[in-house]
Engineer: 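If you scroll down you'll find the structure; I have some questions about it.
Here is the naming used below: chain letters follow the sequence lines, and residue numbers restart at 1 for every chain.
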Amino acid sequence: MASVAETAEFLQTVRLFRDFDEPALLALTARLRERKLRKGQVLFREGDQGEEMFLVRDGTILVSKAVTGKVEQVLARFGPGDFFGEMTLFDRSPRSATIQAESDTVLLALDRQNLTQLIEVNPRAAAAFFHSLVQVFIERLRASGELVAEITRWGLEATGLDMESR
Amino acid sequence: MGTGGHGPRHGVAVTDTTAPRRAKLELLVRRDDESFEVQAVSSSAAWIQMRPTRVATDSFELAEVPSRVRGEPSYILKNLRTERFLALSGQERFLWDQMDGNTSLQEMATGYVLKYGQFNFDIIPTLIRKLQQAQLLTLEPASRLRRVLARNRQQRLLRATELTLFALERINVSSRRVQPFFGGLYRWGGFLLFTPTVAVLCGLLGVLGIVAAVRLWQSTEAIISDFGHHKIVAAVAINALLLAAVALHQLVHGVALVHYHRRVREFGFTFLHGIIPTFYVDVTDIFMASRRARVVTAISGTVVHLVLGALWFFIALHTSSGFLRAFAATCGIIQFKSFLLALWPFFFIEMDGYHVLVDALGVPTLKSDALAYVGGLLRGASPLQWSREAALYVGYVALSALSVAGFAAFFVAVVIHWTS
């Protein structure tokens, strides 16, 4: 188990919290819960209900989405400093993908209640948090567009379909 | 759930416009024990497994155009629905004939090399592009059974059958990282299988097995009656042992590849056509070796059944009456039957003996060509014009038909004999 100071130091490297001052980081540290995953262990599955977002402290996480039967598409791979699972805190929808550990992993969990309290207590930190969040969402949208283009290209190449001369 | 952070690192790489490359998908495949494996699948790997299907026979017309200049004919392919025409070379015609929905592009390329002794890397993608533009390729269920099932999906029973077949067909436990395993098998004794001493020993064992079988034949009825009330147990055990023998058969094929310094691409278990449980090994790399290597690889697997059959007959011959004698004798019969079936090329099935035959003849599509030719004769679509090829086709179909009839007659006779 990491100390409060170590956790606060780690949080400074997380993009969402990089504009937090020290008291805000220490307050956040107290609200986080550590969660360990063994290699291959599933954290949650697509369709599950969720109340928490997660920060990757150590290890690698795979994000996948069901395609057919036992086959899933790998959407992303997250390492230390990355975060995931925040959407369900805002729209209360079921999880949109499955999360599993690619290696032994340590996560920090922040639930909805603690996030709400953090926002209410420290509006300046909350503004910094949401600003960073929007930037990440924009990057994620761009990456999703690239992924769609890549999958389309995969399909065209795999079927030999020549659209240019049709 | 959201996924974010320092920018998601996607399973696929971002499009790189500076250098052409094949697209890749990263797929996560779950196992039954809740573990998983991540596999990167390139579009080229999917492409070579594609099984193109030509449109129905009443939707196209193929005409031969003789050429006095080149000495070899070309062909005109017409789409009867769109009125589009395509000119095909002899090589393209060969590939077109194989686009039956059952043959992968990889298998077509192998057949092409066997027939023409070389490979033109552009010919298959170019032809597929031409055929797609002329709307001469389609995607339909491959077998007639599948077509019937697909047409009658509204009936619950047939829908369930189709789903069951589909599900069973998808069961495939295999690995593509098997070369070290087969290399180990070879080093730890597999190499002995390819020595003259072992070949002679197998031959001797086979002869002695036949002698034992003949001696047992006189008391077949007494032996079979030894099963008593354990017929179902015996049937299950015999089939399980047969499956194990098939696995051994495939392992020996793989070891043969190592012997000839070729690569075993895949080994696994699946349900053939969704019905028949079987093991398989991908030995396509042997096509790049000598003809002797191909023949030895094909035959080596079948010898497993000869040896096992002989051993079972020995056990039966030297066991006093009882369940074990009946079991051993039946296993011996089934192994010898498997040996003959695998080695005998005239049976309408493409087993090891068939591959040796088509390799020797240099006609990799013998079965489909022969069936098409004889089918045309029977329908009156084409007149009989004797040539070397025609004789080969008619001979193949006649011998295969006789073999199937003979086997069926023998089987019926045995059943009648036992039940009476």
Engineer: At a 4.5 Å cut-off on heavy atoms, which part of A:Leu62 comes close to chain B: side chain, backbone, both, or neither?
Structural biologist: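 Answer is side chain: those atoms of A:Leu62 sit under 4.5 Å from chain B.
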Engineer: With a 4.5 Å heavy-atom cut-off, do B:Gln39 and A:Val71 have their side chains touching?
Structural biologist: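 No. Closest side-chain heavy atoms not under 4.5 Å.
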Engineer: Inspect the surroundings of CZ in A:Arg92 and state if more than 12 heavy atoms from other residues, nucleotides or ligands are less than 6.0 Å away.
Structural biologist: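 No, because the 6.0 Å sphere around CZ of A:Arg92 holds 12 heavy atoms or fewer from other groups.
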Engineer: Give a yes or no on whether A:Glu22 atom CD has more than 12 heavy-atom contacts from other residues, nucleotides or ligands under 6.0 Å away.
Structural biologist: no
Engineer: For residues A:Ser64 and B:Arg30, determine if any side-chain heavy atom of one lies less than 4.5 Å from a side-chain heavy atom of the other.
Structural biologist: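 Sidechains of B:Arg30 and A:Ser64: in contact.
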Engineer: Using heavy-atom distances under 4.5 Å, tell me whether B:Val38 contacts chain A through its side chain, its backbone, both, or neither.
Structural biologist: side chain
Engineer: Considering only NZ, NE, NH1 and NH2 on the basic side and carboxylate oxygens on the acidic side, decide whether A:Arg77 and B:Glu26 come within less than 4.0 Å.
Structural biologist: yes
Engineer: Not counting sequence neighbours, list each pair that qualifies as a ring-ring contact (aromatic ring centres under 6.0 Å, His included) and has a residue in residues 89-125 of chain A.
Structural biologist: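 Counting only pairs at least two positions apart or across chains, the ring-ring contact (aromatic ring centres under 6.0 Å, His included) contacts touching residues 89-125 of chain A are A:Phe90-A:Phe130.
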Engineer: If you count heavy atoms of other groups shown closer than 6.0 angstrom to CD of A:Gln135, is the number above 12?
Structural biologist: yes
Engineer: Quick one: closest heavy-atom pair of B:Leu27 and A:Gln73, and the distance?
Structural biologist: CD2-CA, 4.0 Å
Engineer: Given a strict heavy-atom distance threshold of 4.5 Å, which part of A:Ala66 is in contact with chain B: side chain, backbone, both, or neither?
Structural biologist: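 Answer is neither: A:Ala66 stays 4.5 Å or more from chain B.
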Engineer: Kindly indicate whether the side chain of A:Val42, heavy atoms from C-beta on, has any atom under 4.5 Å from the side chain of B:Phe36.
Structural biologist: no
Engineer: For A:Gln113, I'd like to know if atom CD has over 12 heavy atoms of other residues, nucleotides or ligands within 6.0 Å.
Structural biologist: no
Engineer: Looking at CG of B:Leu28 and NZ of A:Lys65, how far apart are the two atoms once the value is rounded to the nearest 0.5 Å?
Structural biologist: 14.0 Å
Engineer: More than 12 heavy atoms of other residues, nucleotides or ligands under 6.0 Å from CZ of A:Arg124: yes or no?
Structural biologist: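 Atom CZ in A:Arg124 is not packed in, count stays at 12 or less.
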